[in-house]
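What follows is a set of notes on a single structure, which appears directly below.
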2 protein chains.
Amino acid sequence: MATDTRELLLKETETLLRTRGYAAFSYADLAEKVGIRKASIHHHFPTKEALGAALIDSYLDDFRAALDAILANEKSAIDRLNRYAAFFVSSMKDGMMPLCGALSAEAYVLPESLQVRVRGFFELHLEWLQGVIREGKKAGELRSDLKPKHTATLILSTLEGASLVAWAMKDPGAIKPAIASVVRTIEA
Amino acid sequence: MATDTRELLLKETETLLRTRGYAAFSYADLAEKVGIRKASIHHHFPTKEALGAALIDSYLDDFRAALDAILANEKSAIDRLNRYAAFFVSSMKDGMMPLCGALSAEAYVLPESLQVRVRGFFELHLEWLQGVIREGKKAGELRSDLKPKHTATLILSTLEGASLVAWAMKDPGAIKPAIASVVRTIEA
DNA sequence: AGTAATCTACCTACCAGATGGTAGGCTAGG
DNA sequence: CCTAGCCTACCATCTGGTAGGTAGATTACT
């Protein structure tokens with residue numbers, strides 16, 4: 001099927017980006033993985049930059065949907081945060097970095113259009129977290145002295161950092177205690 | 001002077017690694033920065049891998065010395081941790097990622113000898129932090145229920161993560177509140 | 001002391017292979 | 001017949017790395 005190739009390309013691009021980063025992944029790698037010739041990739045994505053941008057866009061859409069689903073299914077802030085944190089745990093379990101964590105280190109040498117998207121992705125996280133925190137405070141579930149913005153940044157940072165360290169140390173188990181700590185310290 | 005070139009090469013390599021990462025920095029970049037021909041770099045460092053290894057080694061030595069100095073100069077656990085955290089703040093202020101944070105994302109595609117060193121670097125951090133935490137607990141300065149290993153990982157993760165997010169968001173100010181939070185939550 | 005041999009730090013000129021990307025052609029299905 | 005989806009063949013440029021040479025400092029030997 002036609003469009004399947006496009007999806008396959010995006011899927012393999014995701015894997016490559018999240019394990020190697022942007023600079024260290026090539027059209028040749030991707031072509032081999034998908035079982036297509038290098039030049040054919042250009043038919044679907046004219047440039048590497050466009051491919052990267054499309055990947056982040058689709059990843060961001062999925063993530064946004066997943067975050068919405070959490071809001072719909074979980075009504076407690078703590079549950080919501082635990083579900084959120086589970087994304088990072090399952091990333092590691094799949095043997096990959098979270099996408100934007102993988103790209104952030106290279107941010108400086110990323111094409112502008114990708115830098116913008118990485119920032120947008122983090123902003124999505126931060127805004128969602130802030131919302132959860134505000135509601136949690138209102139419900140008396142979270143400590144009333146929390147500053148939503150700082151707390152959101154702290155949670156995102158901890159999870160990205162724990163992923164990074166776990167990834168480098170090849171110790172996926174190191175992630176969960178970090179989550180537990182953060183959640184515990186913001187509970188009312 | 002002769003040996004100055006070697007030092008200069010290491011210094012510029014550090015900057016390049018901490019802003020671009022390993023894959024995205026080249027001998028050509030380095031040659032231009034140092035004002036030497038590409039081939040001459042090979043006189044000092046036979047391969048890119050050797051250069052990377054030498055850089056991490058020297059960075060690790062410096063860091064170890066800095067950590068020792070903290071132990072010598074500060075006797076309170078909280079002060080020690082704040083001094084430790086200041087490294088990450090000043091990294092950002094210099095417009096660079098912490099070295100191993102920058103390299104971690106690429107860990108999977110790094111030459112083995114560099115992967116080993118990155119892990120060793122994190123282990124140095126974690127062991128130092130565990131020592132500080134144990135002493136802090138004994139002195140009654142830190143909460144007595146802290147698990148040194150988990151807490152050390154949490155601190156390292158938070159600082160690396162905060163650096164990563166601050167770097168990607170081009171918002172160096174986002175780092176300090178994260179530090180403050182972590183320190184606050186482990187105080188007795 | 002004088003000179004020959006060696007070493008250091010750099011150079012120019014290459015190399016094979018990989019990089020992202022292009023041009024143009026074949027083929028199957030609507 | 002046209003076009004989506006793929007192909008082969010090619011391109012300039014960059015990658016890390018090598019070969020071999022040169023000027024000048026250092027050392028070793030008589």
Side-chain angles (χ1 to χ4, degrees), chain A residues 1-17 19-56 58 102-103 105-115 117, chain B residues 1-17 19-56 58 102-103 105-115 117:
Chain A
M1 217 138 297
T3 327
D4 270 15
T5 302
R6 210 190 121 95
E7 288 313 307
L8 236 174
L9 283 169
L10 284 175
K11 189 190 141 208
E12 294 299 336
T13 298
E14 181 185 333
T15 307
L16 289 168
L17 279 183
T19 53
R20 298 154 129 83
Y22 184 77
F25 112 93
S26 75
Y27 266 43
D29 299 329
L30 183 55
E32 201 196 349
K33 284 227 177 198
V34 175
I36 225 181
R37 298 295 150 163
K38 221 182 49 169
S40 307
I41 304 176
H42 290 279
H43 175 71
H44 298 277
F45 303 99
T47 66
K48 192 185 180 185
E49 182 175 349
L51 170 59
L55 189 271
I56 303 181
S58 99
L103 296 182
E106 309 183 80
Y108 190 84
V109 275
L110 244 39
E112 253 296 310
S113 69
L114 301 192
Q115 289 186 39
R117 282 171 169 81
Chain B
M1 216 138 296
T3 326
D4 270 14
T5 303
R6 210 191 121 96
E7 288 313 307
L8 235 173
L9 283 168
L10 284 174
K11 191 191 138 205
E12 295 298 339
T13 298
E14 182 185 333
T15 307
L16 288 169
L17 280 182
T19 51
R20 298 157 131 79
Y22 184 78
F25 111 93
S26 75
Y27 266 42
D29 299 329
L30 182 55
E32 201 196 350
K33 283 225 176 196
V34 175
I36 225 181
R37 297 295 150 162
K38 220 183 50 168
S40 307
I41 303 176
H42 290 279
H43 175 72
H44 298 277
F45 303 98
T47 65
K48 191 185 180 185
E49 181 175 349
L51 171 58
L55 189 269
I56 303 181
S58 99
L103 296 182
E106 308 184 77
Y108 189 84
V109 277
L110 243 38
E112 251 297 308
S113 70
L114 300 191
Q115 289 186 38
R117 283 170 167 82

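Below, chain A is the first sequence line, B the second, and so on; all start at residue 1.
Residue A/Ser26 has no polar side-chain atom (N or O) positioned under 4.0 Å from OP1 or OP2 of C/dA18. One finds a side-chain N or O of B/Thr5 lying less than 4.0 angstrom from the OP1 or OP2 phosphate oxygen of C/dC10.
The heavy-atom pair separating B/Leu110 from B/Gln115 by the smallest distance is O-NE2, 2.8 Å. Taking each heavy atom of B/Lys38 and B/Ala28 in turn, the nearest pair found is CG-N, 4.0 Å.
Look at NZ on B/Lys48: it is 8 Å from C1' on D/dG16, rounded to the nearest Å. Taking atom NE2 of residue B/His43 and atom C1' of nucleotide C/dC10, one finds them 7 Å apart after rounding to whole Å. Atom C1' of nucleotide C/dA9 and atom CD of B/Glu7 are separated by 16 Å, given to the nearest angstrom. Nucleotide C/dT19 holds its P atom 6 Å from the CG atom of A/Asp29, rounded to whole Å. The distance between atom CD1 of A/Ile41 and atom P of C/dA18, rounded to the nearest whole Å, is 16 Å. One atom, CZ of B/Phe25, and another, P of D/dC14, lie 17 Å apart when rounded to the nearest Å. Atom pair B/Tyr27:OH and C/dC10:P shows a separation of 14 Å (rounding to whole Å applied). Straight-line distance from the CZ atom of A/Arg6 to the C1' atom of D/dG5: 14 Å, rounded to whole Å.
A donor-acceptor pair under 3.5 Å is formed between the side chain of B/Glu106 and the backbone N or O of B/Ala23. With hydrogens and angles ignored, the 3.5 Å screen pairs a side-chain donor or acceptor of B/Lys48 with a backbone N or O of B/Tyr22. Judged by distance alone, the side chain of A/Glu12 and the main-chain N or O of A/Leu30 form no donor-acceptor pair under 3.5 Å.
For A/Arg37, taking side-chain heavy atoms from C-beta onward, the closest of the listed nucleotides D/dA4, D/dC7, C/dC11 is D/dC7. Nearest nucleotide to the A/His44 side chain, out of C/dT8, D/dC6, C/dG20: D/dC6.
Heavy atoms of A/Ser40 sit under 4.0 angstrom from at least one base atom.
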| Could you run down nucleotides 22-30 of chain C 5' to 3' and tag each one B, S or - for protein heavy-atom contact under 4.0 Å? | B--------
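A/Phe25 CZ: more than 12 foreign heavy atoms inside a 6.0 Å radius. Environment of OH in A/Tyr27: crowded, with over 12 heavy atoms of neighbouring residues, nucleotides or ligands closer than 6.0 Å.
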